[in-house]
Amino acid sequence: MSSLKKIKIIKPDDWHLHLRDGKILKKVLKYTQIFYQRAIIMPNLKNPIVNCKKAIAYKRSIINASKLNTKFEPLMTCYLTKETSLQELQYGFLKKIFIGAKLYPNQSTTNSKTGITKISEIFHILELMQKIKMPLLIHGEESNFNIDIYDREAIFIEKTLVPLRKLFPELKIILEHITTKEAVSYIEENNSLYLAGTITPHHLMFNRNNMFINGIQPNLYCLPILKRKIHQNALRKAISNGSTRFFLGSDSAPHLHKNKINVVGCAGIFNAPSSLLCYITIFEKMKALKHFESFCSKNGPNFYNIPINKESITLIKKPHKIIKKVNIEKDFIMPFLSGETVNWSIVK
């Protein structure tokens, strides 16, 4: 299969996406819609999506921002705080306003100042979520700044996730944007119906060396941060072995250029214009194209217990140049692989 020139797959979904709001939302949405039928929308706006009313309003603004004639469906999530109302959460999930709830450890990433400081604060919420079978999406890093930034994911698994899953063994958990061999091993060894992980294109394509080639590369700064090559290789192996416990989550996260190169640079990589083309590049490199459709289009819906898409898309072995920038008034957003050429294109 590695010599394929053309591949047709069920239209994929993106199980981890930041769209922001306002002017940025209106400019970036179309890049996701080209490739993906549905996307799980992250709730960490400056004003986080903490209840049904905000989720409904945000979903409407996403649908209204659409310039393409597609059936794109935003899947909304609730930003968990210790004040989250059980009644609100249950209502939101049963009425299909929320597909799941998102756990951000306090100060672990963009707009997580109101995240969870101590996991025990939300045990009552997790108990309900387990009961109603509501998925928990986790930014799996310890937010203690005394812990080395490269170790925060592995320590989170050991210190927080392992005990948590003993308390709530049937809570559906998605460990998002995994970056380490420890995360891969934990998901593979447990091989549970209640545990999965998403993997980003940038963590598959690059390792931490890439952030420092020809000087510091602020556009490659993301959280969780790029790790050593040994971890990058573990992620590549995970997608190559056909496990149904891993699926596509781009973690595309747009920031204005001025905020990326600021004294306090924002974490996040905007990869929506190239994410699917990056994934197929890696699958081809790993001689794993036979698992590509499952990773992109089947494993996610099966884990979340929603129907697999009926539409399909075709990718062709033909050079495609990634756009250099997306203009936002007087500023711009720099996409992942800006101006570079990849070997695959979408047939429109």
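I316 and L277 fall into different hydrophobic clusters, where Ile, Leu, Val, Met, Phe, Trp and Tyr are joined by side-chain heavy atoms under 4.5 Å apart, directly or via other members. Linking ILVMFWY residues whenever their side-chain heavy atoms come closer than 4.5 Å, directly or via other members, leaves F247 and I10 in distinct clusters. Residues Y150 and Y186 share a single hydrophobic cluster, defined by chaining ILVMFWY side chains whose heavy atoms lie under 4.5 Å apart.
Using modelled atom types, no side-chain atom of E293 and backbone atom of K298 make a donor-acceptor pair closer than 3.5 Å. Side-chain atoms of E73 do not come within 3.5 Å of backbone N or O of R38 as any donor-acceptor pair. Although no hydrogens or angles enter the test, the distance criterion places a donor-acceptor pair under 3.5 Å between the side chain of N51 and the main chain of K54. Within the 3.5 Å criterion, the main-chain N or O of K324 finds a donor-acceptor partner in the side chain of S338. Remark: side-chain polar atoms of H231 are paired, donor with acceptor, to backbone N or O of K181 under 3.5 angstrom. Of the possible polar contacts, one joining the N144 side chain to the N146 backbone as a donor-acceptor pair under 3.5 Å is found. Put simply, the side chain of T77 never gets that close to the backbone of I99: no donor and acceptor are under 3.5 Å apart.
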Step-by-step side chain to side chain contact (heavy atoms under 4.5 Å, CB included) determination, W15 to L75:
CA-CA 9 Å; W15 297 94; L75 305 169; 4.0 Å; yes

Given ring-ring contact (aromatic ring centres under 6.0 Å, His included), test H18 with H16 step by step and report yes or no.
CA-CA 7 Å; H18 299 268; H16 186 125; 5.3 Å; yes

Please lay out, stage by stage, how H203 and T200 fare under the test side chain to side chain donor-acceptor pair (under 3.5 Å).
CA-CA 6 Å; H203 287 102; T200 78; 2.7 Å; yes

Would you check, one step at a time, whether the test side chain to side chain contact (heavy atoms under 4.5 Å, CB included) holds for L223 with I149?
CA-CA 9 Å; L223 289 171; I149 192 164; 4.0 Å; yes

Full working for side chain to side chain contact (heavy atoms under 4.5 Å, CB included) between V162 and K166:
CA-CA 7 Å; V162 171; K166 281 183 181 146; 4.0 Å; yes

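Between F168 and E127, some side-chain heavy-atom pair lies under the 4.5 Å cut-off. For the pair F206 and F336, the minimum side-chain heavy-atom distance is below 4.5 Å. Using a 4.5 Å cut-off on side-chain heavy atoms (C-beta onward), L175 and I157 make contact. Counting heavy atoms from C-beta on, the side chains of E141 and I147 never come closer than 4.5 Å. Two residues are said to be in side-chain contact when any heavy atoms from C-beta on lie closer than 4.5 Å; I333 and K27 fail this criterion. The side-chain heavy atoms of N219 and I269, taken from C-beta on, include no pair separated by under 4.5 Å.
The neighbour count for I230 CD1, taken as heavy atoms of other residues, nucleotides or ligands under 6.0 Å away, does not exceed 12. Few gaps surround NZ on K59; more than 12 heavy atoms of other groups in view lie less than 6.0 Å from it. Around CD1 of I308, the count of heavy atoms belonging to other residues, nucleotides or ligands within 6.0 Å exceeds 12.
The shortest heavy-atom contact between G268 and H255 is CA-CD2, 3.9 Å. Closest approach of C278 and L337 over heavy atoms only: SG-CD1, 3.6 Å. Nearest heavy atoms, L226 versus M211: CD1-CG, 3.8 Å. Scanning all heavy atoms of the two residues, the minimum distance from P135 to F93 falls at CD-CE1, 3.8 Å. I122 and T81 get closest at one heavy-atom pair: CG2-O, 4.0 Å. The minimum heavy-atom distance linking L256 with D331 is given by the pair CB-OD2, 3.6 Å.
With no hydrogens or angles considered, no side-chain donor-acceptor pair links K227 and T180 at under 3.5 Å. Defined by atom type and a distance below 3.5 Å, a donor-acceptor pair is present between the side-chain atoms of Y36 and S275.
With respect to E142 and K159, no salt bridge is recorded, no charged nitrogen being found less than 4.0 Å from a carboxylate O. One finds no salt bridge joining E188 and R245 here, because no Lys/Arg side-chain nitrogen approaches an Asp/Glu carboxylate oxygen to under 4.0 Å.
Partner of F295 under the ring-ring contact (aromatic ring centres under 6.0 Å, His included) criterion, out of F246, F303, F283: F283 alone.
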